[in-house]
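Below, chains carry the letters A, B, ... as their sequence lines are ordered, and counting in each starts from 1.
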Amino acid sequence: MDQQARLLLDILEQHGRDLHRLLFRLTLRADVAEDLLQDLFVKLQRSPGFFESKLPAAYARRAAMHLAFDWRRQEQRRKKYREFLGEEMAVADHHPADAVANQEQAQCILRLLDQLPPLYRDCVLLRYLHEQEYASIAAQVGKTEHQVRAICSKAIKRLRDLLRTEPSHPRNSSRS
Amino acid sequence: MPADDDIIQRIDSLKKIQVHDEAAAQAVDLARQRILHGTSRQAVARAGLRGSWTDFAFRPWFVRLATPLTVILVFLAALLLTPGNKDAPRIFASVLEAVAQTEAAFCQLTNYDELGKPLERQSLYLSANGNCRIVGEDGRYTVHDFRQSKSLIVDPDKKQGWLLHGRPKTPNINLYEYLRDLHRTNPAIELGTDHVDGKEVLKFQATIVQEGISPTRAIIWADARSKLPVQIELATLHNDVSMTYAMIRHIRFYAEPDPTLFSTELPSGYALVNPVREAAERLLYESD
């Protein structure tokens, strides 16, 4: 087995479950998380950036985040297409809604996060979902600690603004 | 409750989502299998990485027709749509100029799966008038004559051929026309010099970015002396991850095409099989 395959397997053994959990939390679909985990490692296998990275696990985590949000956007397009064709959505077969108790709240924040620039989104998720220190995030995204603090602050402000425009927000629903 | 607390609370809701250990273990196991043993085409198609048309019953015909033309289309689109670079080398214009002086080309096209394994290699003969001949590894070949709206598929093993009338539904691409039009753009970034098959070559890169589609990167190697392209690599870019999906190698240009290569006449001693299966014709062709 070559060195690259060994590194991939090491990352998979040590962080595979965490990456799968992250993908599940960002897609809310068990079947999709399973597929995306495989896709992630296929992509990492072809990525010079991953093998050159000083923090391969962090690289894999960010790649997983991007993969999940890419899937969300594709799913959104597929949904619109199916609606256009008048087809019924059959998602319940894939992921029982009761698997995620607070599905609506989770979907809402994922929708908002999807509207952030990728760097903002990565920083917010690493900070608030993974509870990482600013210094650690800074090393992963190639910014200074001070810059990451500013990015997180701006991202939260942006999310706050976006939340105000959400139809499900109490302020908006009370108006209607 | 302040809105930002609400935001944090919502992100916290993601943390509370539990994943069954069994599901995680199964997902890790499948990913491990992929790393160790590669992947099947069915798994790839299921993951949506490659269209399910690969399993289509008429795949050999379809691939012979569609794949090379699609690859060329993507390559040309990449060149045409890449934003102009103020430092784009004048030398690339001379490459295009050199291409415009030729009338025929030969190249080998290899498609790859996402693990970098070659899927299929085809030899392509292209004529400046748009006609082409595509030869598979099994020796079967297809000749497309776009002017006469007909195509000939030949199976040398069985000594038989099929004649299809009408225009292919795949894009009608004329490599030469597009390359000539490229003079209007400044599409490429120069990547310096390199060596291919012992020759010194100039290397260029062009990237296409379209909303909703992973960007495509084309790398073109052109002979430093003749200025003609000798090799082209096409890759998708996804999260800074580059995945090569096609390689066009051994490109050779000729001043004159060999008309026998583009003939749609069935070779003597071969049986003409007609009618073509209706479904295949309906899928691939629009009748005139």
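Taking 4.5 Å as the limit, every side-chain heavy atom of B:L30 sits out of range of all side-chain heavy atoms of A:D35. Put simply, the side chain of A:I109 does not reach to within 4.5 Å of the side chain of B:Q9, judged on heavy atoms. In this structure, the side chains of B:I7 and A:L112 come closer than 4.5 Å at one or more pairs of heavy atoms. Contact check for A:R17 versus B:D21: side-chain heavy atoms found under the 4.5 Å cut-off.
Between A:C108 and B:R10, the closest heavy-atom pair is SG-NH1, 3.0 Å. Nearest approach of A:G16 to B:V28, heavy atoms of both residues: C-CG2, 3.6 Å. Looking at every heavy atom in both residues, B:D12 comes nearest to A:Y128 through OD1-O, 4.4 Å.
Ranking A:D18, A:L37, A:L23 against chain B, the residue ahead of the rest is A:L37, based on heavy-atom pairs under 4.5 Å. Of the listed residues (A:E131, A:H20, A:R21), the one with the most heavy-atom contacts under 4.5 Å to chain B is A:H20.
Atom CG of residue A:L26 and atom CD1 of residue B:I17 lie 8.5 Å apart, to the nearest 0.5 angstrom. Within the model, atoms CG of B:D6 and CG of A:L163 stand 5.5 Å from one another, a figure rounded to the nearest 0.5 Å.
At least one donor-acceptor pair under 3.5 Å links the side chain of A:R25 to the backbone N or O of B:K15.
Around atom CD of A:E145, more than 12 heavy atoms belonging to other residues, nucleotides or ligands sit under 6.0 Å away. Within 6.0 Å of the NE2 atom in B:H195, the count of heavy atoms belonging to other residues, nucleotides or ligands exceeds 12.
Only the side chain of A:L110 comes within contact range of chain B, with at least one heavy atom under 4.5 Å from a heavy atom of that chain. For a residue to count as touching a neighbouring chain, one of its non-hydrogen atoms must lie under 4.5 Å from one of that chain's; by this rule A:L36 does not touch chain B.
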